[in-house]
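These notes concern the structure reproduced below.
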Amino acid sequence: MITWLGLDVLYIRLLTTQLQPYMEYNFRAIEKKWQEQWVNSHAYRVKNDSTKPKCYVLDMFPYPSGAGLHVGHPLGYISTDIYARYKRLKGYNVLHTMGYDAFGLPAEQYALETGQHPAVTTAHNIKTFREQLDNIGFCYDWSREINTSDPAYYKWTQWIFLQLFDSWYNRRTEKAEAISELVKIFEKEGNSQHPCPGDRQIQFTAAQWKGYTEAEQRDILMQYRLAFLAYAEVNWCAALGTVLANDEVINGVSERGGYPVVKKKMRQWFLRITEYANRLLEGLETVEFSDAMKEMQRNWIGKSQGAEIKFNIKNSDEQIEVYTTRPDTIFGVDFMVIAPEHELVKKITTPEQQAAIDAYLEYVQSRSERERMSEVKQITGCFTGAYAINPLDGREVPVWIAEYVLAGYGTGAIMAVPCGDQRDFNFARHFNLPITNIIGDAFTGEEANPTKDAILQNSNFLDGIDMRKGADMVISKLEEMGIGRRQINYKMRDAGFSRQRYWGEPFPIIYKDGIPYAVEEKDLPVELPHIENYKPGPEGEGPLANITDWVNIAPGVKRETNTMPGYAGSSWYFLRYMDPHNTQTFADRQISDYWNQVDVYVGGTEHAVGHLLYSRMWTKVLYDLGHIGFHEPFRKLINQGMIQGSSRFVYRVRGTNEFVSYGLKDQYETDALHVDVNIVDGVVLDVEKFKAWRNEYADATFILENDQYICGQEVEKMSKRLFNTVNPNDLVSRYGADTFRMYEMFLGPVEQSKPWDTKGIEGVHRFLKKLWRLFADEQKGLVVTSDNPTPEELKVLHTAINKIDNATNSFSFNTAVSAFMICVNDLTTLHCHKRNILESVLILLTPYAPHIAEELWQLIGFNESILNAPYPVYKEEYTKESDFTYPIAINGKTKTEMSLPLDMDEAGLQAAVLANEQVQKYLDGKPLRKVIIVKGRMINLVV
RNA sequence: GCGGAUGUGGUGAAAUUGGUAGACACGCCAGACUUAGGAUCUGGUGCCGCGAGGCAUGGGGGUUCGAGUCCCUUCAUCCGCACCA
């Protein structure tokens with residue numbers, strides 16, 4: 001009987017699907033069909049010229065990691081995809097592209113462990129990423145795909161590096177200029193007009209310049225170049241024979257293996273980004289970044305105004321130069337602190353203190369910079385035995401070294417004013433140093449007071465003077481005495497640009513007798529040689545140093561063996577998309593003039609100070625040198641929030657293979673173990689899948705509650721290691737790309753971070769099915785009519801147009817999705833199947849759910865793709881109301897409401913409200929004190 | 001320690017300029033249809049209260065006729081960092 005019926009139903013189903021093959025929402029078939037169609041018709045090819053206005057919409061391109069794409073990646077990609085499609089419908093020529101930031105440490109690390117060449121794993125990972133991206137139906141112009149590890153791409157990364165190498169920053173014209181121009185200046189007038197940014201001590205006349213050897217001249221030029229060589233400390237791990245990133249060092253030992261890590265000075269490349277500090281700061285005024293983002297960049301650049309002051313050392317010819325933002329506090333200086341790395345340490349330490357200083361230096365050597373920054377409560381330091389002399393009153397104060405003063409900032413030395421600076425105060429307390437109070441009652445003796453508004457005391461000629469005024473007086477006095485000067489300082493440091501690694505861009509630099517020269521342009525790219533062994537070279541050099549045939553070009557001629565850091569390729573990739581196949585230049589000037597700035601750039605905040613500052617700097621350099629016509633790369637920036645993982649836990653009873661459900665776990669001694677979120681439905685574990693998940697769990701037993709195993713949960717970073725990653729492919733195959741796209745948007749504002757939760761996806765899927773039913777009925781087939789729409793239907797449509805247009809334009813995609821739902825719900829209630837209404841709905845929907853929109857568009861008879869349809873225009877006349885339901889409040893609390901004409905004036909409204917019985921009841925005869933009427937908003941009666 | 005962000009129902013969230021807090025969803029409850037349903041549809045759902053009503057946007061204070069929104073203060077959570085003088 002049951003079989004009979006079942007077969008019967010099946011038969012009818014088959015019959016109907018054969019007769020009306022498209023009448024149910026078969027998203028799998030629809031999405032596959034249109035994705036193929038779009039590829040075949042080159043639907044997303046973009047031309048570099050058009051009569052339409054241009055719009056450049058860009059994602060931060062991904063590093064193709066082995067873990068593949070997780071649901072966090074597409075959040076930003078879907079946003080830009082919607083925006084790009086929206087702008088296209090609005091009549092723009094839209095550049096929307098994707099590529100891969102393919103150089104990086106993980107691939108090299110993997111190669112070290114497995115012997116697999118990074119090029120091979122990278123290519124494999126890119127393939128995976130591409131498949132995952134294609135699944136979601138993005139409108140990228142894939143003919144413009146780029147890969148930073150492709151020689152055809154990094155040829156131009158190297159070329160731009162050479163532009164930096166061949167340039168200097170002219171502080172007079174405030175822009176980068178060719179080194180050859182600088183040489184002409186030196187030949188004419190020496191460097192008196194252009195003090196050396198790398199070393200202020202360097203001063204010479206034209207005659208002296210001409211007398212220098214080539215080596216000497218090039219040494220000097222190196223101090224001016226925007227890409228330059230200098231010595232800097234790196235984290236050196238002797239046991240691993242390699243240099244480590246800060247991340248890889250934990251508590252002074254290597255993360256891998258736990259070997260000791262010390263600092264080692266190495267000659268490395270730097271970018272002189274500090275010369276651009278002020279322009280990077282000013283440029284922020286011209287771009288649309290969030291205030292938070294601008295604030296972070298400003299803080300990173302860290303412009304401060306202050307003074308440099310020289311202190312003599314007692315019984316010595318040496319001087320300590322300090323930078324301070326508070327010259328007004330100079331009479332409150334109770335001691336000096338210099339960085340342990342400071343070159344003066346050797347010179348001024350007294351014999352009695354030598355042993356203590358040596359011991360302290362050894363201690364500092366073991367401390368990572370990160371530790372020195374974050375461990376504030378631990379106060380350490382050591383007295384050098386030397387005394388500095390306050391230049392204004394001759395007071396002698398002890399000179400200490402301490403790790404809280406860093407060599408890289410300012411002059412690497414500070415004058416300590418314990419009554420005004422908390423760190424100095426703590427230091428003085430800890431070492432029992434006397435504290436001079438120069439701010440009277442403002443200083444309690446219990447903590448420092450960094451005020452700028454006190455009246456100075458105990459301050460010699462500044463007594464009774466306001467601090468702000470005092471600062472100026474001190475600077476003038478010091479300048480007069482020739483021992484100090486006003487100085488603007490930036491906390492940003494020059495950017496380290498060398499990595500002792502294999503998987504990065506080789507430098508286009510050769511050394512002749514130790515002097516660096518640029519590789520000729522015609523010899524670019526300097527290709528990364530293929531190697532079999534990824535082990536580091538001698539003395540911490542990169543693996544390239546091992547390839548002697550490659551390194552040694554001729555006797556006395558060697559290649560640079562460092563490679564460029566991860567951010568090299570990403571600092572200019574947005575330019576390459578414009579003209580990706582050009583072999584003559586990185587991007588044709590006419591084409592980059594056409595596309596100009598990226599109009600909207602979307603990516604995570606983690607790049608706030610790295611990538612975004614570097615790419616802004618590179619853009620400015622290329623602009624200065626005349627290669628492009630704009631000096632800020634990104635006109636508008638949207639920061640997508642981080643999708644966090646929502647981890648699930650099972651609780652194993654200690655020493656057994658038995659797992660106890662969350663609610664009962666406290667009755668046992670258990671260990672919490674991460675379990676793959678993909679085998680958990682909500683918090684309910686699929687026990688069978690769990691057993692199959694890993695061999696060790698095959699025989700697992702369970703203590704259930706209500707016949708279910710309930711998992712614990714916690715929000716953590718989404719990571720393969722925590723088994724909380726969700727692959728978009730799984731969701732796409734279950735619900736379709738359109739549902740997935742809309743669900744990611746429906747989750748909340750793009751900018752907001754939130755844990756991933758698949759729960760609500762059903763609601764979005766239901767919405768699309770409901771939309772489908774406005775067009776087609778499984779039994780009756782297509783139900784769209786040509787009837788004229790009613791005012792009510794037009795109102796629903798135009799309310800939706802208005803809301804969705806505005807929401808899309810302002811990246812408020814979550815509210816747009818809800819507007820779609822409201823629209824479809826309303827049309828369903830109205831039984832509206834009219835093409836006049838539905839056509840517009842489909843166009844509105846195209847950016848969000850392009851596959852279903854295109855399918856229905858074709859179903860209702862269009863031959864042309866919906867991708868180029870004209871965006872509906874909102875007409876206010878359809879949504880206008882004549883009445884408004886006023887909330888009536890008494891003393892600010894809403895008590896009732898009244899529907900009144902919108903054009904009624906205030907007097908009329910007041911009369912109508914007071915005449916209302918309900919209102920009279922609430923007023924209860926109390927005298928009216930005030931009536932507040934906001935037309936079209938609310939009415940408030942104050943009694 | 002510094003910098004940035006975020007706190008609204010059981011959950012994700014919504015709320016132009018200060019003007020009806022909780023739209024839209026998820027979940028849950030009840031019901032309809034159905035052999036069945038992880039399908040579809042209808043109704044309900046912030047909290048307390050039988051009710052009138054009261055209370056609600058992390059806590060406390062303030063400005064205002066009116067505050068999720070503005071100001072002060074405080075707590076919690078997340079992210080970043082180079083103790084930046």
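Within every chain, numbering begins at 1; the chains are lettered A, B, ... in the order of the sequence lines, protein sequences first and strands thereafter. For clarity, every value in this text was computed on a predicted model and none was experimentally measured.
- With B:rC65, B:rU40, B:rC81 as the candidates, the nucleotide lying closest to the side chain of A:Arg766 is B:rU40.
- Within the nucleic acid shown, A:Pro749 comes within 4.0 Å of sugar-phosphate atoms alone, with no base atom in reach, counting heavy atoms only.
- For A:Asn299, whose side chain is taken as the heavy atoms from C-beta onward, the closest listed nucleotide among B:rG3, B:rG19, B:rG4 is B:rG3.
- Base pairing of B:rA14 is not made with any nucleotide, judged by Watson-Crick or G-U wobble geometry with both donor-acceptor distances under 3.5 Å.
- In this entry B:rG51 has no Watson-Crick or G-U wobble partner, no candidate having both defining distances under 3.5 Å.
- Per the geometry, CE belonging to A:Met296 stands 11 Å off P belonging to B:rG80, to the nearest Å.
- Listed nucleotides: B:rA13, B:rA15, B:rC84. Nearest to the side chain of A:Thr815: B:rA15.
- Checked against the 6.0 Å centroid criterion, the rings of A:Tyr735 and A:Tyr743 do not qualify as a close aromatic pair.
- Remark: the separation of the P atoms in B:rC55 and B:rC41 is 39 Å, to the nearest Å.
- Distance from the side chain of A:Lys770 is smallest for B:rC41 among the nucleotides B:rC65, B:rC41, B:rC26.
- Straight-line distance from the NZ atom of A:Lys803 to the C1' atom of B:rU16: 10 Å, rounded to whole Å.
- Taking OG1 of A:Thr885 as the reference point, atom CE of A:Met898 lies at 10.5 Å (rounded to 0.5 Å).
- A:Arg28 places a side-chain N or O within 3.5 Å of a backbone atom of A:Ser733 that can act as its donor or acceptor partner.
- Summarising the geometry, the separation between CD on A:Gln752 and C1' on B:rC78 is reported as 12 Å, rounded to the nearest angstrom.
- Put simply, CG on A:Leu909 is 15 Å from C1' on B:rG19, counting in whole angstrom units.
- Using a 4.0 Å heavy-atom distance criterion, A:Asn940 is classed as a base contact.
- Nucleic acid contact for A:Leu747: sugar-phosphate only, since backbone atoms but no base atoms lie under 4.0 Å from a heavy atom of the residue.
- Distance CD (A:Gln640) to P (B:rC78): 21 Å, rounded to an integer number of Å.
- Atom C1' of nucleotide B:rG66 and atom CD1 of A:Ile888 are separated by 14 Å, given to the nearest angstrom.
- Using N1 to N3 plus N6-O4 or O6-N4 for Watson-Crick, or N1-O2 and O6-N3 for G-U wobble, each under 3.5 Å, B:rU20 pairs with nothing.
- Atoms CD (A:Glu762) and P (B:rU11) sit 21 Å apart, rounded to a whole Å.
- Across all strands, A:Ile414 comes closer than 4.0 Å to base atoms (heavy-atom distances).
- Note on ring orientation: taking the six-membered ring where Trp is involved, the planes of A:Phe820 and A:Tyr848 are perpendicular (angle over 60°, cut-offs 30° and 60°).
- Rounded to whole Å, atom C1' of B:rA25 lies 9 Å from atom OH of A:Tyr743.
- If A:Glu295 and A:Asn825 are placed on RNA chain B by their nearest nucleotide, the residue sitting closer to the 5' end is A:Glu295.
- Residue A:Arg734 is in base contact, counting any heavy-atom pair closer than 4.0 Å across all strands shown.
- Between the side chain of A:Lys491 and the backbone N or O of A:Asn299 there is at least one donor-acceptor pair closer than 3.5 Å.
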Decide yes or no on ring pair (Phe, Tyr, Trp, His ring centres under 6.0 Å) for A:Phe427 and A:Phe425, but give the supporting numbers first.
CA-CA 5 Å; A:Phe427 194 86; A:Phe425 179 87; over 10 Å; no
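- The side chain of A:Val405 sits closest to B:rA85 out of B:rC24, B:rA85, B:rC81.
- Nearest to the side-chain atoms of A:Ile822 among the listed nucleotides B:rA13, B:rG4, B:rC24 stands B:rC24.
- Here B:rU40 is the nucleotide among B:rC24, B:rU40, B:rC65 with the atom lying nearest to any side-chain atom of A:Lys769.
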